[in-house]
Structure formats: C-alpha cells, structure tokens
Amino acid sequence: MTLVQEPPQRAIEQVRDTAGVLEGELAWGRSYAVVSPDHFRVDYVINPFMDPADQPEPERTREQWHAMLAALRDAGARVDVLRQRPDSPDMVYAMNLGIALTLADGREAFLASHMRYAERRSETTSAASWATSRGRVLLGVGRDGVGPHLEAGDLFAWRGDLVAGFGPRTEEAALAPVAAALDVRVRGLRIVHPAMYHLDLAFCPLDDRRAMVCPAAFDDASAAALLDLVPEPLVLTEEEALTFCANAVVVGRTVLMPACPPRVRDQLESWGFRVVLLDLSELHKGGGSVRCLTNPTDLVVGRDLDVVPGGEVVLP
C-alpha cells in the first residue's frame with residue numbers, strides 16, 4: 001500500500017475502448033442493482049433533507065420508483081431488484097450498500113459498505129447475502145461500528161482511478177484498506193458541504209473526458225484536484241447541485257436526472273447527451289435521487305480501474 005501526495009497537474013491516459021461501447025463512453029453503468037421502496041419512510045434525521053414530519057406518500061413513491069426503473073431499462077440498462085428490509089427505511093438508496101466489481105484475477109466481488117450511522121448498518125447484511133448468493137466474494141473494511149466507515153456513494157471509477165469522497169460519511173482511514181483490497185489507486189477528495197455528504201451529490205462522470213463537478217462540495221485543495229482530473233468539466237454552482245442534478249445516472253449517451261437547470265441542459269445536449277428527467281420528489285425526502293437509488297454492478301478492475309498491486313492512495 002502506497003500513500004502518495006502529488007501536485008494537481010498530472011497527465012492521464014485515455015480510457016481504452018471497450019467492445020460494445022462507443023468510443024469515449026463509460027464502459028460501466030449498463031447494469032444496476034436497485035432496492036424496491038417497500039418500506040421507505042423517514043424515521044430519523046441523518047442528513048439536511050430528512051424531516052420525519054414530512055413523510056413520503058407510499059403510492060406516489062412506488063409510481064416514481066417504477067418510472068425510474070422503466071427509464072433505466074429503456075436506456076438499455078439491465079436491472080436487478082432487491083427487496084427492502086422492513087427495519088431499514090433507507091435501504092432504497094442502493095448506491096450506498098457497497099461496490100460490486102470484477103477483480104483483476106477475474107473473481108466477482110462485493111466490497112460492502114460500513115455505514116457511519118447505526119440506523120443503516122442492517123442494510124449491508126442483506127446486501128452481503130444478495131452478493132454471495134450470486135457467487136461474489138465478500139470484502140469489507142469494517143463491520144458493526146468497528147473499523148473505518150465506508151459508504152459506496154462516495155466511490156466512482158473514472159479514468160483508471162477509484163475517486164473517493166471522504167469526510168461526512170466515509171473516513172479517510174478507509175481509503176488505504178479499500179485500495180489494498182481491490183489492488184487499485186484510490187484518489188481521495190475531502191467533502192466539506194453538509195448537504196453534499198456523498199460524492200455522488202457533487203460529481204457525476206459523463207464519459208471518458210467529461211463530468212459534472214460542484215467545487216463548493218469540497219475543500220479548496222480537493223476541488224482543485226478534481227477539476228484538474230476532469231479534462232472537460234461541467235462546473236455546477238452550489239445552487240445547481242442542490243437540485244440533485246449531479247445525482248444522475250449515465251447509460252451510454254443518456255443521462256437520467258431528477259432536475260436539469262437550463263445551463264446544464266444546454267451543455268449536456270451540446271455534448272451529444274440525451275437528457276431524461278424523472279420526478280423522484282418523494283424519494284428526495286430521504287436525501288437522494290437517481291444515483292443514490294441505483295448501484296452499478298459492472299465495474300471491472302483492469303478496464304475501468306487500473307491494476308495497482310497492493311493499492312495506492314493519492315491525496316491532494
């Protein structure tokens with residue numbers, strides 16, 4: 001395991017073309033796990049969006065979630081649906097359950113999250129059972145409050161690195177064991193904005209050169225490092241990001257979003273993306289949108305992530 005401090009400027013190689021994927025498109029993001037909102041409600045407050053006095057309406061929640069499911073499939077994605085635990089109202093936010101990927105040696109694996117808040121830890125037990133039932137090797141960095149906290153909503157594969165937010169939910173101490181477990185390079189970014197508590201609220205890879213980025217979510221050094229990492233950033237204001245527009249899912253050239261401010265739409269369409277807007281207002285009451293509700297299951301070490309034996313952590 002190597003810890004690297006490096007300056008912002010860095011030459012980054014282009015992602016290799018992948019069979020069946022148009023040049024420049026993200027190779028991952030064609031297969032997802034989601035959790036049906038059977039027991040979604042707001043029982044507690046662990047982010048600024050949650051208010052137990054403002055409960056989601058169950059039937060409207062189901063309608064919105066099923067519309068999202070249909071849109072994913074219409075865009076060409078495969079979707080695996082898990083049932084929600086009755087004791088885990090936030091389990092519908094499937095992105096945070098863990099990270100599913102193929103390791104460099106060809107094994108299918110699942111790196112389970114270790115949630116910061118005890119209210120969410122039971123979710124990972126069900127997610128682990130789902131993963132092992134599909135033949136995935138189970139990995140982790142902590143469990144039951146012991147060990148560093150890790151939440152997969154802070155993790156994105158992009159341009160060979162596992163970009164990782166840390167601060168509000170994931171701990172910096174989790175980065176090294178993640179890098180070692182997966183034999184990858186983890187590029188850490190410190191999140192400081194209370195309403196953008198996961199990376200997936202402030203960063204959305206679009207293709208191999210472009211991504212939505214909200215610098216206001218990070219400390220100065222991390223914001224500069226992330227902007228340097230993205231050759232063509234779509235820089236979001238804080239106001240734009242708080243519409244959940246970066247909490248989007250990209251399937252090829254289709255971007256599924258809960259909101260798209262006019263300036264953002266103009267830029268996406270000028271780059272050749274098709275914008276599909278989804279009403280997920282009931283699910284926003286728990287603090288997440290399209291990306292939080294979906295977990296990509298088709299990441300591959302050696303294709304989407306560079307193989308780094310023993311792992312490496314890079315900090316701004």
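One-based numbering along the sequence shown. The figures that follow rest on heavy atoms only: side chains count, while hydrogens, waters and symmetry mates do not. What you see is a predicted model; the values in this text were computed from it and never measured.
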Taking the side chain as every heavy atom from C-beta outward, state whether [X] and [Y] have any pair of such atoms under 4.5 Å apart.
| X | Y | answer |
| --- | --- | --- |
| Leu82 | Ser126 | no |
| Val45 | Asp51 | no |
| Arg120 | Ser88 | no |
| Met68 | Val249 | no |
| Phe218 | Leu199 | yes |
| Arg83 | Ser36 | yes |
| Asn96 | Glu123 | no |
| Phe166 | Leu315 | yes |

Nearest 0.5 Å, what's the [atom1]-[atom2] distance between [X] and [Y]?
| X | Y | atom1 | atom2 | value |
| --- | --- | --- | --- | --- |
| Asp43 | Gln55 | CG | CD | 6.5 Å |
| Glu151 | Met95 | CD | CE | 11.0 Å |
| Asn47 | Met196 | CG | CE | 13.0 Å |
| Glu269 | Cys260 | CD | SG | 7.5 Å |
| Arg159 | Leu305 | CZ | CG | 13.5 Å |
| Leu150 | Glu171 | CG | CD | 9.5 Å |

Do [X] and [Y] belong together in a cluster built from hydrophobic side chains that touch within less than 4.5 Å?
| X | Y | answer |
| --- | --- | --- |
| Val42 | Leu280 | no |
| Val230 | Leu155 | yes |
| Val186 | Leu103 | yes |
| Leu283 | Met50 | no |
| Leu277 | Trp271 | yes |

Indicate yes or no for a side-chain donor-acceptor contact from [X] to the backbone of [Y] under 3.5 Å, with no hydrogens or angles considered.
| X | Y | result |
| --- | --- | --- |
| Glu240 | Cys245 | no |
| Arg185 | Val308 | no |
| Arg210 | Pro231 | no |
| Trp28 | Asp304 | no |
| Glu282 | Glu57 | yes |
| Gln84 | Asp38 | yes |

Exercise for review: Name the orientation class of the two ring planes belonging to Phe203 and Trp158 (parallel below 30°, tilted from 30 to 60°, perpendicular beyond 60°).
Suggested key: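 Judged by the thresholds at 30° and 60°, the geometry between Phe203 and Trp158 is perpendicular.
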
Check your understanding: So Tyr93 and Phe40, would you call those rings parallel, tilted or perpendicular, with 30° and 60° as cut-offs?
Key ->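 It falls in the perpendicular class, over 60°.
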
Review point. Would Tyr32 and Val251 count as a side chain to side chain contact (heavy atoms under 4.5 Å, CB included) if you check the C-alpha gap in whole Å, the side-chain angles of each, and the deciding distance to 0.1 Å?
Key: CA-CA 11 Å; Tyr32 292 92; Val251 183; 4.2 Å; yes

Please give me the minimum heavy-atom distance between [X] and [Y], naming the atom from each residue.
| X | Y | result |
| --- | --- | --- |
| Asp87 | Arg41 | CA-NH2, 4.4 Å |
| Pro215 | Leu227 | CG-CD1, 4.0 Å |
| Gly286 | Tyr197 | O-OH, 4.3 Å |
| Val35 | Val92 | O-CG2, 3.3 Å |
| Pro296 | Arg291 | CD-NH1, 3.9 Å |
| Leu299 | Ala100 | CB-O, 3.8 Å |

Exercise for review: Go through Arg136 and Thr297 one step at a time and tell me if the side chain to side chain contact (heavy atoms under 4.5 Å, CB included) criterion holds.
Suggested key: CA-CA 11 Å; Arg136 291 186 179 272; Thr297 58; 4.2 Å; yes

Review point. Can Ile191 and Thr170 be said to form a side chain to side chain contact (heavy atoms under 4.5 Å, CB included), step by step?
Key: CA-CA 10 Å; Ile191 298 171; Thr170 295; over 6 Å; no

Practice item. Could you tell me which residues satisfy side-chain hydrogen bond (donor to acceptor under 3.5 Å, both in side chains) with Arg190, sequence neighbours excluded, listed by chain and number? Key: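 With neighbours one apart ignored, the set is Glu172.
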
Review point. After noting the C-alpha distance and the side-chain angles of Gln267 and Ser270, does the key distance pass the side chain to side chain donor-acceptor pair (under 3.5 Å) rule?
Key: CA-CA 5 Å; Gln267 184 62 79; Ser270 74; 2.9 Å; yes

**Study point:** side chain to side chain contact (heavy atoms under 4.5 Å, CB included) between Val314 and Asp161, worked out
**Key:** CA-CA 10 Å; Val314 178; Asp161 294 341; over 6 Å; no

Check your understanding: After noting the C-alpha distance and the side-chain angles of Thr124 and Ser113, does the key distance pass the side chain to side chain donor-acceptor pair (under 3.5 Å) rule?
Key -> CA-CA 7 Å; Thr124 56; Ser113 291; over 6 Å; no

Which pairs of donor and acceptor atoms, one on a side chain in residues 70-80, lie under 3.5 Å apart (sequence neighbours left out)?
unit_1, atom_1, unit_2, atom_2, d
Asp80, OD2, Trp130, NE1, 3.0
Asp80, OD2, Arg134, NE, 3.0
Asp80, OD2, Arg134, NH2, 3.4

Point to revise | Check ion pair Asp298-Arg30 (N to O, under 4.0 angstrom) | key: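 Answer for the salt bridge query: no.
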
Check your understanding: Can you tell me if CD on Glu239 sees more than 12 non-hydrogen neighbours from other groups inside 6.0 Å?
Key ->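 It does not: Glu239 CD has 12 such atoms or fewer within range.
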
**Study point:** Listed once per pair and sorted, the side-chain hydrogen bond (donor to acceptor under 3.5 Å, both in side chains) pairs that draw on residues 244-258, sequence neighbours left out
**Key:**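 Of all non-adjacent pairs touching residues 244-258, those that pass side-chain hydrogen bond (donor to acceptor under 3.5 Å, both in side chains) are Asp200-Asn247, Asp207-Arg253, Thr254-Arg274.
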
